Amino acid sequence: MNKEIKIAVSESYSVNVGRDNFELILKYLDKNGHRSKVAIITDDNVKKLHLNKLTTIFRENKVDYFVYSILPGEKSKNLTTIAEIMDFLASNKMSRSDMVIAFGGGVVGDIAGFAASIYLRGIDYIQIPTTLLSAVDSSVGGKTGVDLKKGKNLVGTFKQPKSVICNLNTFNTLSKEEFNNGIFECIKYGVLFDEDYFNIFLEEDFDYDSIKLSLVVEKAIEFKAKVVIEDEFDYGKRRLLNLGHTFGHGIEQASNYNIKHGFAVGKGIEIISQISYQRGKLKNKDLQKILLAIKKYNMADFVNFGFSEVLDYVLVDKKIFNGKITMIIPEKIGKCYLEEMDLQEVKELYRNWQREF
Ligand SMILES: NC(=O)c1ccc[n+]([C@@H]2O[C@H](COP(=O)([O-])OP(=O)(O)OC[C@H]3O[C@@H](n4cnc5c(N)ncnc54)[C@H](O)[C@@H]3O)[C@@H](O)[C@H]2O)c1
């Protein structure tokens with residue numbers, strides 16, 4: 001069963017969650033009697049595993065398509081790749097009535113979305129997320145961008161896709177590590193908004209075979225949609241989605257990106273939950289549940305990890321505004337609040353956390 005979720009932002013679009021639903025893309029390619037050409041941006045892994053299913057549909061329906069494949073992983077997410085994609089789009093005479101397709105995980109999605117937003121001052125694009133993380137998070141909401149040497153996601157735009165088509169069958173080829181990496185963004189939504197949703201991850205060993213997979217993905221997209229609709233450009237409520245990310249980004253950077261985003265965010269949620277408990281906000285019962293869920297799906301090795309270094313990155317985070325960081329603090333499972341803290345306070349809380357845990 002396909003489910004359609006509407007994202008009612010400045011330029012509304014819908015997310016389709018289903019199986020074998022690639023064909024839906026065809027309805028976005030006819031514009032005023034013109035059949036769009038398609039530039040598929042993907043990476044070498046996704047190309048090998050899934051591209052043929054998509055291009056078969058284009059061949060059968062006489063859609064002209066071109067494929068640009070990047071080396072997999074965060075290291076490709078830079079301005080050099082963007083310059084290469086600009087040349088690729090221009091060489092294939094892509095016009096403003098044509099379509100870019102982001103076919104892959106969050107790295108491909110962020111790169112292709114950014115490329116689409118600046119080529120010819122913006123052409124349409126569609127997201128086809130192929131990792132759990134990109135399905136439940138990065139493909140929805142219109143944040144695009146690449147990294148600079150100085151840090152992650154420092155260059156980018158807001159550009160909503162024309163549509164998001166999430167085919168759950170593509171997850172079957174994800175490694176356990178990549179799948180679990182995405183689970184942490186789902187656990188995040190549970191801690192933020194809904195204890196019943198959170199409990200799913202404790203009650204079963206959640207994986208791509210779970211009969212709850214589509215429910216988990218659909219609800220995650222609905223949680224994200226609600227926040228994005230209220231605060232499309234990230235000035236207020238959308239910042240809740242950064243739960244676990246302040247320390248999480250610090251962990252990712254201190255590990256030189258060897259610890260994946262989801263696992264780093266999981267550890268970040270653990271740290272901020274323990275800090276909330278130390279400050280008398282979060283009850284021990286909820287803290288223990290959060291710790292249990294994180295332990296269950298974590299696959300990163302934190303045993304010899306240099307936690308002291310994390311603070312160096314946290315204190316230069318790009319989200320610092322007027323010398324303050326907005327921390328997202330769990331009050332109970334299903335409810336968090338925003339608190340602005342100055343850097344000295346964050347430093348003290350982190351040091352106290354290190355002493356006790
Ligand atoms: N724009 C946003 O709002 C937003 C939100 C969260 C994260 N992000 C970004 O998303 C990125 C992380 O996304 P990710 O975890 O999807 O990483 P990714 O795109 O690097 O994918 C992870 C790995 O899985 C492989 N892969 C993808 N689909 C596969 C499939 N179906 N089967 C087998 N292998 C597959 C990829 O080739 C890659 O090796 C980061 O750059 C992060 O900054 C963006």
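Indexing begins at 1, ligand by ligand and atom by atom, following the structure's order. All heavy atoms count here, side chains included; hydrogens, waters and symmetry mates do not. Note that the structure is predicted; figures quoted are calculated from it, not measured.
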Inset, instruction - Please identify which atoms of ligand 1 are closer than 4.0 Å to at least one heavy atom of Thr173. - result: 30 (C), 31 (N), 32 (N), 33 (C)
Inset, instruction - Show which residues join Ile126 in its hydrophobic cluster (side-chain heavy-atom contacts under 4.5 Å, direct or indirect), or state none. - result: Phe22, Leu24, Ile25, Leu26, Tyr28, Leu29, Val38, Ile40, Val46, Leu51, Leu54, Ile57, Phe58, Val63, Tyr65, Val67, Met99, Ile101, Phe103, Ile128, Ile165
Inset, instruction - Using the six-membered ring wherever Trp is involved, compare the ring planes of Phe179 and Phe206 and label them parallel, tilted or perpendicular (cut-offs 30° and 60°). - result: tilted
Legend entry - Residues His50 and Thr170: side-chain donor-acceptor under 3.5 angstrom: no
Inset, instruction - With heavy atoms under 4.0 Å as the rule, classify the contact between Lys77 and ligand 1 as side chain, backbone, both or neither. - result: side chain
Legend entry - atom 34 (N) of ligand 1 [closest protein heavy-atom partner, distance rounded to 0.1 Å]: Leu174 CD2, 3.9 Å
Inset, instruction - Counting heavy atoms only, name the option from Ala135, Ser134, Gly106 that's nearest to atom 14 (P) of ligand 1. - result: Gly106
Inset, instruction - Could you verify whether a donor N or O on one side chain and an acceptor N or O on the other, from Gln278 and Gln274, lie under 3.5 Å apart? - result: no
Inset, instruction - With heavy atoms under 4.0 Å as the rule, classify the contact between Lys143 and ligand 1 as side chain, backbone, both or neither. - result: both
Inset, instruction - Indicate whether the side chain of Ser139 and that of Ser134 have a donor and an acceptor atom separated by less than 3.5 Å. - result: no
Inset, instruction - Provide, to 0.1 Å, the distance between atom 23 (C) of ligand 1 and the closest protein heavy atom, together with that atom's residue and name. - result: Glu178 OE2, 3.4 Å
Inset, instruction - Quick one: look up the protein heavy atom nearest atom 4 (C) of ligand 1 and list residue, atom name and how far away it is. - result: Ser138 CB, 3.1 Å
Legend entry - Side-chain donor-acceptor contact under 3.5 Å, Lys77 with Asn153: yes
Inset, instruction - Between Val107 and ligand 1, find which residue part has any heavy-atom pair under 4.0 Å and reply side chain, backbone, both or neither. - result: both
Inset, instruction - Could you tell me whether Lys219 and Glu222 make a salt bridge, using a distance below 4.0 angstrom between a side-chain N and a carboxylate O? - result: no
Inset, instruction - Tell me, please, which residues at least two apart from Asp301 pass side-chain hydrogen bond (donor to acceptor under 3.5 Å, both in side chains). - result: none
Legend entry - Lys332/Glu195 salt bridge by N-O under 4.0 Å criterion: no
Legend entry - Distance-only side-chain donor-acceptor flag, Asn16 / Asn21, under 3.5 Å: yes
Inset, instruction - Run the numbers for me: atoms of ligand 1, each under 4.0 Å from some heavy atom of Asn181, listed by number. - result: 15 (O)
Legend entry - Test of proximity, Glu185 against ligand 1: N or O pairs below 3.5 Å: no
Inset, instruction - Indicate the ring-plane relationship of Phe305 and Phe302, choosing parallel, tilted or perpendicular according to the 30° and 60° boundaries. - result: perpendicular
Legend entry - Where ligand 1 meets Leu49 - atom numbers and elements under 4.0 angstrom, heavy-atom basis: 32 (N), 33 (C)
Inset, instruction - Considering the heavy atoms of Asn153, write down every atom of ligand 1 situated less than 4.0 Å from one of them. - result: 43 (O)
Legend entry - Heavy atom of the protein closest to atom 28 (N) of ligand 1 (residue, atom name, distance): Thr130 OG1, 2.8 Å
Inset, instruction - Just jot down the ligand 1 atoms closer than 4.0 angstrom to any heavy atom of Asn45, in number order. - result: 36 (C), 37 (O), 39 (O)
Inset, instruction - Would you check if the side chain of Asp286 reaches a backbone N or O of Lys283 as a donor-acceptor pair within less than 3.5 Å? - result: no
Legend entry - Under 4.0 Å to a heavy atom of Glu74 - the qualifying atoms of ligand 1, by number: 40 (C), 41 (O)
Inset, instruction - Have a look at ligand 1 and work out which part of Asp43, if any, has a heavy atom under 4.0 Å from it: side chain, backbone, both or neither. - result: side chain
Legend entry - Close N or O approach (His261, ligand 1; < 3.5 Å): no
Legend entry - Heavy atom of His50, distance to ligand 1 below 4.0 Å: yes
Legend entry - Under 3.5 Å: N/O of Pro72 near N/O of ligand 1: no
Legend entry - Atom indices of ligand 1 within 4.0 angstrom of Asp137 heavy atoms, with elements: 5 (C), 6 (C)
Inset, instruction - Return the minimal non-hydrogen interatomic distance between Ser69 and Asp44, and the atom names on each side. - result: OG-OD1, 2.5 Å
Legend entry - Pair Gln288-Asn284, side-chain donor/acceptor within less than 3.5 Å: yes
Legend entry - Distance from atom 9 (C) of ligand 1 to nearest protein heavy atom, with residue and atom: Asp110 OD2, 3.4 Å
Inset, instruction - Identify the protein heavy atom lying closest to atom 21 (O) of ligand 1, giving its residue, its atom name and the separation to 0.1 Å. - result: Thr131 CG2, 3.8 Å
Inset, instruction - Could you list the atoms of ligand 1 found under 4.0 angstrom from a heavy atom of Lys224? - result: 3 (O)
Legend entry - Protein heavy-atom partner closest to atom 42 (C) of ligand 1 - residue, atom, separation in Å: Lys152 NZ, 3.5 Å
Inset, instruction - Verify the distance criterion only: is there a donor paired with an acceptor across the side chains of Thr131 and Glu178 at less than 3.5 Å? - result: no
Legend entry - Region of Thr144 engaging ligand 1 - heavy atom pairs below 4.0 Å: neither
Inset, instruction - Using heavy-atom distances, let me know which of Asp44, Leu133, Leu241, Leu71 sits nearest atom 12 (C) of ligand 1. - result: Leu133
